[in-house]
Amino acid sequence: MQADTRGRHWISAELKRLELEARFLEEELDLITKTEKVSAACEEFLSKVENKPDPLLPVTSGPVNPNWDRWFEGPQDLKGCRCWIL
């Protein structure tokens, strides 16, 4: 008789877990259906904002100092490099 009680308890707990998961998925589905409206509004906002330059950032057409980029390119000749990392 004891095993039957444990089986009922396990089934009840599993049923509650599935009900919680179903409720969670329904909430997620509601959020997803509302996301389309938000996405359309974001796309419209981005299309307006992307065409205008940021007034707080300076306008540059390339690197301010062309020699600055050489530090990020790595060595041109790996044989002459005495760096242990590369």
As an exercise, state the distance from CD of Glu28 to CD of Glu21, rounded to the nearest 0.5 Å. 11.5 Å
Please walk me through it: do Arg23 and Glu19 pass salt bridge (charged side-chain N to carboxylate O under 4.0 Å, His left out)? CA-CA 6 Å; Arg23 191 176 315 133; Glu19 289 172 349; 5.5 Å; no
Return the CD to CD1 distance between Glu27 and Ile32, rounded to the nearest 0.5 Å. 12.0 Å
Nearest 0.5 angstrom please: Leu29 CG to Phe24 CZ, how far? 11.5 Å
